[in-house]
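Along the sequence shown, residues are numbered consecutively beginning with 1. Numbering of ligands and ligand atoms starts at 1, following listing order. Everything numeric in this text was worked out from a predicted model, so none of it was measured. These values consider heavy atoms only, across backbone and side chains, with no hydrogens, waters or symmetry-generated copies.
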Amino acid sequence: MRKFFNPCDIGPIDKALEEAFAVKADPMGWKHLGAGKTIMLVFFNSSLRTRLSSQKAALNLGMNPIVLNIGQESWKLETELGVVMDGDKGEHIREAIPVMGCYCDIIAVRSFAGLTDRDYDYAETLLNQFVEYSGRPVISLESGTVHPCQAFADLITIEEYKTKPRPKVVLTWAPHPKALPQAVPNSFAEWMVYAGLDLVIANPEGYDLDPKYTMGAPVLHNQMEALEGADFVYAKNWSCPGVNNPADYGKVLCKDMGWTIDAAHMAVTDNARFMHCLPVRRNMIVTDEVIDSPRSIVIPEAANRVVSAQVVMKRMLESL
Ligand code: CP
């Protein structure tokens with residue numbers, strides 16, 4: 001496997017899940033694979049779960065993880081081609097990426113959408129430059145449009161907690177004070193559809209996700225209607241994806257607190273499990289009562305980030 005951006009990169013989902021549960025049962029079982037190998041974890045943005053789970057997964061596989069925080073521990077990097085570098089950015093990615101590639105066997109990159117230039121973000125411009133210039137397999141640790149390690153962990157968690165073969169999974173927008181990227185909901189939608197689950201998406205008008213990721217899943221603008229009979233409620237905020245009006249891309253169009261997941265929302269579900277990728281804004285996205293309830297599985301969901309990362313790294317090590 002040379003890249004991990006989308007579910008198709010991991011192949012048949014049944015096999016990927018089988019492998020995930022094998023890795024979870026015996027985390028050290030493939031420690032020999034990474035002996036003498038190095039993974040570089042490059043962070044252009046903050047992280048708690050992704051940083052720690054990726055390091056843990058690499059260590060479980062016997063790899064040496066190197067973490068680089070761009071701009072804090074490295075030179076600030078220029079990403080645009082053809083510019084006169086007379087500002088505060090001391091190095092260009094045209095040199096920095098191949099140099100990083102010289103020091104490792106796998107590269108994993110976190111670089112959030114800028115939310116100003118939709119074409120730049122949706123072309124995964126920076127991540128593709130890592131693919132082109134590093135000469136190494138590349139993992140997205142959340143990039144312009146996707147967060148596949150999170151979505152794979154979400155799927156593993158749903159597989160563990162589901163009580164029927166094809167559960168109803170509702171991805172619902174919820175309010176947040178800041179403009180957030182669409183990477184998590186994009187990936188969640190495409191992984192749920194790829195896995196054949198019954199996905200329903202609920203979001204206010206103007207927030208419809210790109211159909212490239214939702215792939216025909218029903219989109220409702222009435223949240224309560226969407227939540228009826230749900231087995232899993234996956235809450236997440238995202239900014240305007242700019243599908244219908246590109247000028248609104250990245251904007252906050254709605255802060256309706258009526259979309260916050262509370263006990264009344266959960267009451268119309270089929271005793272659903274509550275999920276969120278974390279970090280979560282309590283009493284914006286979800287009330288304390290819901291996230292602290294026994295139906296909340298946000299911590300096991302975060303724990304599965306090690307499992308998803310480990311399966312991806314294992315596949316890459318096997319194909320080096
Ligand atoms: N869910 C997730 O990616 O968390 P972090 O931003 O803390 O890595």
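The nearest protein atom to atom 7 (O) of ligand 1, hydrogens excluded, is given as L48 N, 2.7 Å; this is a heavy-atom distance.
With ligand atoms numbered from 1 in the order given, ligand 1 contributes 3 (O), 5 (P), 6 (O), 8 (O) to contacts under 4.0 Å with heavy atoms of R110. Counting atoms of ligand 1 from 1 in the listed order, those under 4.0 Å from a heavy atom of R305 are 1 (N), 2 (C), 3 (O).
Judged by the 6.0 Å distance and 45° axis criteria, R94 is positioned over the aromatic ring of Y133. Annotation: cation-pi geometry not satisfied between R110 and F44 (NZ/CZ under 6.0 angstrom from ring centroid, within 45° of ring axis).
Ring orientation note: the planes of F152 and W191 are close to parallel, at an angle under 30° on the 30°/60° scale. Ring geometry for Y234 versus F188: interplanar angle under 30°, hence parallel rather than tilted (30 to 60°).
With a heavy-atom cut-off of 4.0 Å, L278 touches ligand 1 through its backbone alone.
Contact between Q150 and ligand 1 is present, with at least one heavy atom of the residue lying under 4.0 Å from the ligand.
Within 6.0 Å of CD in E289 there are 12 or fewer heavy atoms belonging to other residues, nucleotides or ligands.
Taking only non-hydrogen atoms, the option from R51, E142, H147, R49 nearest to atom 3 (O) of ligand 1 is H147.
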